[in-house]
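Here's the structure we're looking at; comments come further down.
Basis for what follows: all heavy atoms, side chains included, without hydrogens, waters or symmetry-related copies.
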Amino acid sequence: MSARSRRSKTLVDPELRRQLDQAAASKPAAVEAVLRLRRPPTRRSSGEPAPDAARDVARKLLTRVAEEIGAAAGDYDFNVFPNLGYCVLSAPAGFVERVLHQPEVASASANRRRG
Amino acid sequence: MSRFLSQELRSRGQARVIVVLRAAAGTGAAASKRESRRLAPRFRNGGSSLALAASLGEPGEAYRFFPELGIVLGTVDHAGLVALRSDPDVVSVFGAPALSPIRPRAVRAAKLDKAHTWGLDRLGAPALWQRGLTGKGVLVGHLDTGVDGRHPTLAGAVAHFAEFDLMGRAITPSPKPRDSDEHGTHTAATIAGRAVGGRHVGMAPGARLASATVIEGGDTVARVLGGMDWSLGLGVRVLSLSLGFRGYWPDFLAVTRILRRKGVLPVFAVGNEYAGSSRSPGNYSEALSVGASDAKDQVADFSSSQRFDRKLDPIVPDLVAPGVDVVSAKPGGGYQSMDGTSMACPHIAGLAALLLEAKPKVTVSRLEKAIFASCKRPRSMPAERGGHGIPSAVTALEAL
């Protein structure tokens, strides 16, 4: 399956896409992505999760992805911004790609811009 | 040549560029390192590149080589750019926009020889002080290069301080307020500097700051998000940002909407790259975008302005405020004068703090509208450059 066909419906900014494609084409390297979280899909309301729920949403999402692809806890790093409903993730490109498919992720962008 | 590059070369005589080397990224590290060394004379050993190299851990180097990417990041003048573009080992050269503080266009030594700086007088802050409004009880978020909390004018002004790492985590234990540069101390004191010897530099001398270091020395989106999240959790009502990406980047768009929804007025500088340019997040419809004016009530020539193809708020900046020859605090003591939209932005953040003390429950939209309604634009100031014009503290209070 090509990288393009694996892409999710999550809004992904072009710079993050470039970094993911570049990382996938070379040796495994960590990609840093800033993720905007949304409330779990079981709830009717959309929008960012409440501050006390954002950490839980991020933790469950990343644990699920790690289990799906067999990644260890040390393979990725993340930090949650609970008041904003955002999370920053540092992980191999394949891990980040899988995270982008998850329903809790509304959009994603690169943490580091060119330069 | 891109607009960014041509503007940089015209205005600064040099530009920050990314040079893509012919050796394939990740596969030709050794070869491309040789190429990068051969290209070294093309780069200027100027201030920007030195600061950049220092931030990347290579102090003294005028450029930085990234072997896995097969690129070189550095600063060039026009001749260096031409030479690079004609070099057979170079595939392409393009401008390198980066998240950065909006650097002042000029910095001068200054003494504080008047009771108020001209900017405070122009906006009418002393008239609100006389009515008992100093911003007391209002917490203002200030994300910048840090702040010198020991400066006399900032004594008691910094309620909270934090530094954030590249993943947006607050560094622990929390250090005492300090400035990694001098930009943050200047902007902080313009918001909430206290009177020293009866002389004022701060718009809201009773307000308090939640000030954080989020920029310089590894400038990532997460650092700024960490500072925003932290300040939101502390209950700020205004967020002053004198930093941004050159051009339009949506990274902070959703966050800016969240700030507004949570009752925080986002006051962002528009940039110092002249007409036809702007920076994000200062160019969002959702931000109160601030440009710079001078003592003659004209838009400073360097002040960015731009029209966007959007229905809501197509012109940035929304307004202009004093941003030329602004005297404020210098780290270590004393004062200095700076020019820039970075200096204009904290004037408006301080104005918002004064108004919020008067009406703590006012909504963000109402507060913003009151500030806009108070603006006057001289006939000589085109709306395309100055937006609504220059606000008045007294009129804004009446419009609340």
Interatomic spacing from CG in Asp229(B) to CG in Leu84(A) - rounded to 0.5 Å: 4.5 Å
Flag, side chain of Asn83(A) to backbone of Leu232(B), donor-acceptor distance under 3.5 Å: no
Note: Arg36(A)-Asp251(B) ion pair, threshold 4.0 Å (strictly below): no
Between Gly85(A), Pro82(A), Ser90(A), the one whose heavy-atom pairs under 4.5 Å with chain B are most numerous: Pro82(A)
Intermediate values then yes/no, side chain to side chain contact (heavy atoms under 4.5 Å, CB included), Met167(B) and Leu89(A): CA-CA 8 Å; Met167(B) 290 286 281; Leu89(A) 168 68; over 6 Å; no
Interface moiety of Val88(A) toward chain B, non-hydrogen atoms closer than 4.5 Å: both
Contact leader toward chain A among Leu259(B), Val255(B), Leu225(B), where contacts are heavy-atom pairs under 4.5 Å: Leu225(B)
Chain B contact via Tyr86(A) - which portion, at a heavy-atom distance below 4.5 Å: side chain
Worked check of side chain to side chain contact (heavy atoms under 4.5 Å, CB included) between Arg112(A) and Leu166(B): CA-CA 9 Å; Arg112(A) 295 173 192 253; Leu166(B) 301 184; 3.3 Å; yes
